[in-house]
Amino acid sequence: MLVRDAMTTDVVTVPADAPLRRAVGVMLREGVGSAVVTRDGDPAGIVTETDALKAGYRFERPFGEISVTKAGSDGVVTISPDATVRTAVRRMRAEDVKKLPAVEGLDVVGVLTMTDVVREQETLIDEAIRLEQGRSGWTPDR
């Protein structure tokens with residue numbers, strides 16, 4: 001399965017100069033757990049629900065006084081939508097992230113989250129079984 005088959009394509013973005021309050025408002029309104037931070041329209045980072053909680057605790061200030069760049073990650077780990085979900089999961093583990101923006105060129109075309117991976121778990125297992133059966137020539141009785 002490819003990232004493009006499992007990712008969410010409705011990408012929520014927020015400009016780098018926005019306050020955290022704006023990012024949190026957009027995430028709540030859209031029912032998502034992250035927003036891609038953009039600078040001049042290009043992905044520059046990501047801010048998550050966890051980032052917002054940590055920033056609120058660390059800075060002890062209202063979200064309107066904290067910039068998304070102080071709260072979120074500096075830089076962003078991305079993946080190609082044509083990569084396999086397995087490759088994406090390995091990257092998530094290696095980079096210790098739960099959300100990967102899928103990028104074609106400089107355009108963010110989706111976001112793959114651990115929730116997306118879990119949602120597709122049954123399909124991924126079925127795909128792995130089919131691949132293994134093709135290698136061995138064995139077909140289980142069903």
Side-chain angles (χ1 to χ4, degrees), residues 1-140:
M1 173 178 281
L2 300 179
V3 168
R4 76 171 60 256
D5 299 324
M7 70 185 187
T8 302
T9 57
D10 294 331
V11 180
V12 174
T13 63
V14 62
D17 61 352
L20 182 57
R21 179 177 173 80
R22 179 171 170 188
V24 169
V26 171
M27 288 188 284
L28 289 171
R29 215 173 15 263
E30 298 297 324
V32 297
S34 65
V36 175
V37 178
T38 60
R39 187 172 283 113
D40 298 325
D42 297 330
I46 191 166
V47 63
T48 68
E49 296 164 315
T50 301
D51 293 332
L53 288 171
K54 287 179 180 178
Y57 178 79
R58 188 172 63 235
F59 295 114
E60 296 183 12
R61 304 189 70 94
F63 285 175
E65 295 177 13
I66 304 169
S67 71
V68 292
T69 54
K70 285 192 187 256
S73 68
D74 188 24
V76 61
V77 179
T78 63
I79 192 90
S80 166
D82 294 322
T84 64
V85 170
R86 183 176 184 172
T87 299
V89 169
R90 285 181 178 155
R91 184 160 219 180
M92 287 176 173
R93 288 175 54 198
E95 299 288 341
D96 195 26
V97 297
K98 297 176 189 168
K99 300 165 190 324
L100 279 180
V103 177
E104 286 182 323
L106 291 177
D107 296 325
V108 178
V109 295
V111 176
L112 181 72
T113 68
M114 285 306 290
T115 302
D116 296 328
V117 173
V118 170
R119 188 177 300 119
E120 296 296 334
Q121 181 179 6
E122 186 174 338
T123 303
L124 290 164
I125 291 169
D126 289 345
E127 184 177 304
I129 290 169
R130 277 194 313 278
L131 288 171
E132 187 58 32
Q133 288 170 352
R135 284 191 199 127
S136 67
W138 178 76
T139 305

*Asks:* Which heavy atom in Ala16 sits nearest to a heavy atom in Val68, and how many Å separate them?
*Replies:*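 Reported closest heavy-atom pair: O-CG2, 3.6 Å.
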*Asks:* For the residue pair Leu100 and Ala88, what are the closest heavy atoms and their distance?
*Replies:*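 Between these two residues, the closest heavy atoms are CD1-O, 3.5 Å.
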*Asks:* Can you tell if the side chain of Leu53 reaches within under 4.5 Å of the side chain of Thr50, non-hydrogen atoms only?
*Replies:*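 No, side chains not in contact.
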*Asks:* Atom CE of Met114 and atom CZ of Arg93: how far apart are they, to the nearest 0.5 Å?
*Replies:*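 One gets 9.0 Å once the value is rounded to the nearest 0.5 Å.
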*Asks:* Rounded to the nearest 0.5 Å, what separates atom CD in Glu49 from atom NZ in Lys98?
*Replies:*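 It is 9.5 Å, given to the nearest 0.5 Å.
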*Asks:* Tell me which one of Met27, Arg22, Arg21 satisfies side-chain contact (heavy atoms from CB on, under 4.5 Å) with Val24.
*Replies:*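 For Val24, the side-chain contact (heavy atoms from CB on, under 4.5 Å) check succeeds only for Met27.
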*Asks:* With a 4.5 Å cut-off on side-chain heavy atoms, are Thr13 and Val108 touching?
*Replies:*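 In short, these two side chains do not touch, never coming nearer than 4.5 Å.
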*Asks:* Can you find a heavy atom in the side chain of Asp10 that is under 4.5 Å from one in the side chain of Glu30?
*Replies:*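 Of all side-chain heavy-atom pairs linking Glu30 with Asp10, none is under 4.5 Å.
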*Asks:* Roughly how far, to the nearest 0.5 Å, is the CG atom of Asp42 from the CG atom of Asp107?
*Replies:*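 Atom-to-atom, Asp107:CG and Asp42:CG are 8.0 Å apart.
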*Asks:* I'd like to know if the side chain of Arg91 reaches the main chain of Thr78, judged simply by a donor and an acceptor atom lying under 3.5 Å from each other, with no hydrogens or angles considered.
*Replies:*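 It does hold such a pair.
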*Asks:* Once rounded to the nearest 0.5 Å, what's the spacing between atom CE of Met1 and atom OG1 of Thr84?
*Replies:*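 Nearest 0.5 Å value for the CE-OG1 distance: 11.0 Å.
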*Asks:* Do Asp116 and Arg119 meet the salt-bridge criterion of a basic N to acidic O distance under 4.0 Å?
*Replies:*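 A salt bridge links Arg119 with Asp116.
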*Asks:* Take Val26 and Val14 through the side chain to side chain contact (heavy atoms under 4.5 Å, CB included) test and state the conclusion after the steps.
*Replies:* CA-CA 8 Å; Val26 171; Val14 62; 5.7 Å; no
*Asks:* What's the shortest heavy-atom distance between Ala23 and Val47, and which atoms?
*Replies:*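 Residues Ala23 and Val47, closest heavy atoms: CB-CG1, 3.9 Å.
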*Asks:* Return the minimal non-hydrogen interatomic distance between Pro43 and Val76, and the atom names on each side.
*Replies:*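 Closest heavy-atom pair between Pro43 and Val76: CB-CG1, 4.2 Å.
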*Asks:* Please find the pair of heavy atoms, one from Val3 and one from Ala102, that lie closest to each other, and give the distance.
*Replies:*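 Minimum heavy-atom contact is CG1-CB, 4.2 Å.
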*Asks:* Side chains of Thr69 and Arg39, heavy atoms from C-beta outward: is any pair under 4.5 Å?
*Replies:*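 They are in contact (side-chain heavy atoms under 4.5 Å apart), so the answer is yes.
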*Asks:* Less than 4.5 Å apart, any side-chain heavy atom of Val36 and any of Val11?
*Replies:*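 With C-beta onward as the side chain, the pair touches.
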*Asks:* Of Thr113, Val109, Val111, Val85, which is the lone residue that meets side-chain contact (heavy atoms from CB on, under 4.5 Å) with Met7?
*Replies:*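 Only one option passes, and that is Val109.
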*Asks:* Is there side-chain contact between Arg4 and Glu104, with at least one heavy-atom pair below 4.5 Å?
*Replies:*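 Arg4 vs Glu104: side chains touch.
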*Asks:* Of all heavy-atom pairs between Val12 and Ser34, which one has the smallest distance, and what is that distance?
*Replies:*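 For Val12 versus Ser34, the nearest heavy atoms are CB-O, 4.0 Å.
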*Asks:* When rounded to the nearest 0.5 angstrom, what is the spacing between CG in Asp17 and OG1 in Thr38?
*Replies:*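 Reported to 0.5 Å precision, the distance equals 8.5 Å.
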*Asks:* What's the separation between atom CE in Met92 and atom CD1 in Ile79, rounded to the nearest 0.5 Å?
*Replies:*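 Nearest 0.5 Å value for the CE-CD1 distance: 8.0 Å.
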